[in-house]
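See structure below.
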Amino acid sequence: MSALPTTARPSLGGVLRRDWPLGAALPTAVLFVLFGKGWLADLSNPFWFGLMTLWLFAAVLLAAFSIVHHAEHLAVKLGEPLGTLVLTLSVIGIEVMMISAVMLTGKGDPVLARDTMFAIVMIVLNGMVGISLLLGGLRHHEQEYNLQGANAFLSLIVPLTVLGMILPNFTNSSPGATLSSFQSVYLSIVSVAVYGLFLIIQNWRHREYFLAPASSARNMNHDPAHGGAPEAYSSVYHAAFLLMYLLPLIVLAKKIAIPIDQGIRVLHAPVALGGFLVAALILSPESLSAIRAALANDLQRSINILLGSVLASIGLTIPAVLTVSLFTGKTIVLGLDMAQSALLVLTLGISALTFTSNRTNVLLGAVHILLFLTYIMLIFER
């Protein structure tokens with residue numbers, strides 16, 4: 001019999017080497033709590049604006065990547081699909097904190113939450129799905145995944161996205177592309193309820209839908225970052241550090257909203273660019289995980305991450321921002337304009353076509369990248 005793997009007791013030196021980003025993110029958060037109001041009060045000097053922006057972006061990225069790093073190792077220890085769910089919910093927690101912080105900063109942008117969630121859908125369903133399928137197809141020609149799992153994701157993504165981001169354009173009980181209080185409560189309850197039902201399906205009743213087919217699993221390049229041998233450190237160790245990185249991120253999320261808002265005003269940039277920047281910042285570590293999985297021929301994990309992040313974003317972030325709106329009285333515009341609505345419907349339709357077969361190739365990836373580039377073009381030119 002082979003010896004069972006043991007859990008190592010992390011030494012202080014090992015912790016300092018591995019989790020040095022905490023030594024950067026935590027002091028940054030403390031400094032901005034103490035002095036941030038004065039530092040960010042006047043950003044008219046370009047040098048000072050650049051310094052504050054780069055410092056905050058670097059600290060937020062370090063914290064976000066570290067959260068995902070520990071979530072990934074928890075995912076390996078917990079196994080699929082529960083492990084990927086931990087990773088997804090960690091990123092959605094970052095998203096909700098970032099959007100809520102920016103909403104509550106200053107006057108608050110009524111379309112920021114909508115633009116951020118739309119950016120997440122476009123970045124993930126077009127940009128990251130496209131890159132994952134393209135790079136995976138170039139390296140492995142064709143890749144296989146569990147079709148039932150992808151269809152389960154899309155069966156919720158499509159209706160929740162349309163209800164949350166297109167239906168508000170056609171309601172009459174509140175002005176503009178908004179929802180009334182009753183409609184907000186209704187949408188929040190049904191979104192959370194149907195997402196909770198999905199979690200039961202994903203992790204218990206039909207768990208096999210979200211596991212890689214046996215033929216695909218045999219060909220995976222095993223790596224600790226996406227499904228190889230778990231690390232020697234315990235789940236408690238990774239969970240504790242994941243929570244410790246969340247603390248400075250809560251503070252930094254609110255502070256970074258100020259230079260983002262200032263930069264858009266000074267440069268006269270499109271308002272939607274703010275949502276894109278917030279979404280790109282949130283998704284960067286998770287996107288890297290999905291691409292690595294696709295390159296390792298673990299397309300199932302890549303799809304679980306990508307489609308799971310879109311579903312969680314729509315199913316949980318919309319209720320979160322609507323709740324913030326109800327308690328603060330801030331107006332939240334959820335309805336997309338005509339060009340955005342057309343691109344969203346096209347994206348959902350192409351995604352449904354992409355995941356009609358259990359094998360993918362480079363052509364499918366190229367089509368999604370085309371739609372992503374169209375989205376970028378529409379940010380700057382309508």
- prompt: Hey, is the main chain of Phe276 close enough, under 3.5 Å, to the side chain of Asp115 for a donor-acceptor pair?
  reply: no
- request: Kindly indicate whether the side chain of Leu134, heavy atoms from C-beta on, has any atom under 4.5 Å from the side chain of Leu364.
  value: no
task: Not counting sequence neighbours, which residues clear ring pair (Phe, Tyr, Trp, His ring centres under 6.0 Å) with Phe49? List them please.
output: none
- request: Determine yes or no for a side-chain-to-main-chain donor-acceptor pair under 3.5 angstrom, with Ser132 supplying the side chain and Val129 the backbone.
  value: no
message: I'd like to know if the side chain of Asn126 reaches the main chain of Leu370, judged simply by a donor and an acceptor atom lying under 3.5 Å from each other, with no hydrogens or angles considered.
response: no
query: Among the clusters formed by ILVMFWY side chains lying less than 4.5 Å apart, do Leu363 and Ile131 turn up in the same one?
result: no
- prompt: Should Leu22 and Leu247 be regarded as members of a common hydrophobic cluster, given that ILVMFWY residues are connected when their side-chain heavy atoms come within less than 4.5 Å of each other, either directly or indirectly?
  reply: no
query: Between Thr360 and Glu142, does any side-chain donor sit less than 3.5 Å from a side-chain acceptor?
result: no
- prompt: Aromatic rings Phe198 and Phe210: how do their planes relate, parallel, tilted or perpendicular, breaks at 30° and 60°?
  reply: perpendicular
Linked, directly or transitively: Ile200 and Leu160 (ILVMFWY side chains, under 4.5 Å): no
field: Donor-acceptor contact present, side-chain Ser325 to main-chain Val321, <3.5 Å
entry: no
- prompt: Side chains of Ile157 and Leu348: does their closest heavy-atom pair fall under 4.5 Å?
  reply: yes
query: Between the main-chain N or O of Trp39 and the side-chain N or O of Trp48, is there a donor-acceptor pair closer than 3.5 Å?
result: yes
field: Side-chain donor or acceptor of Glu144 paired with backbone N/O of Asn358 under 3.5 Å
entry: no
message: Under 4.5 Å between side-chain heavy atoms, counting indirect links through other Ile/Leu/Val/Met/Phe/Trp/Tyr residues: same cluster for Ile120 and Ile376 or not?
response: yes
query: Side-chain heavy atoms under 4.5 angstrom apart, residues restricted to Ile, Leu, Val, Met, Phe, Trp, Tyr: same cluster for Val310 and Leu197?
result: no
message: Taking side-chain hydrogen bond (donor to acceptor under 3.5 Å, both in side chains) as the cut-off, I'd like each qualifying pair that reaches into residues 370-381, sequence neighbours left out, listed once.
response: none
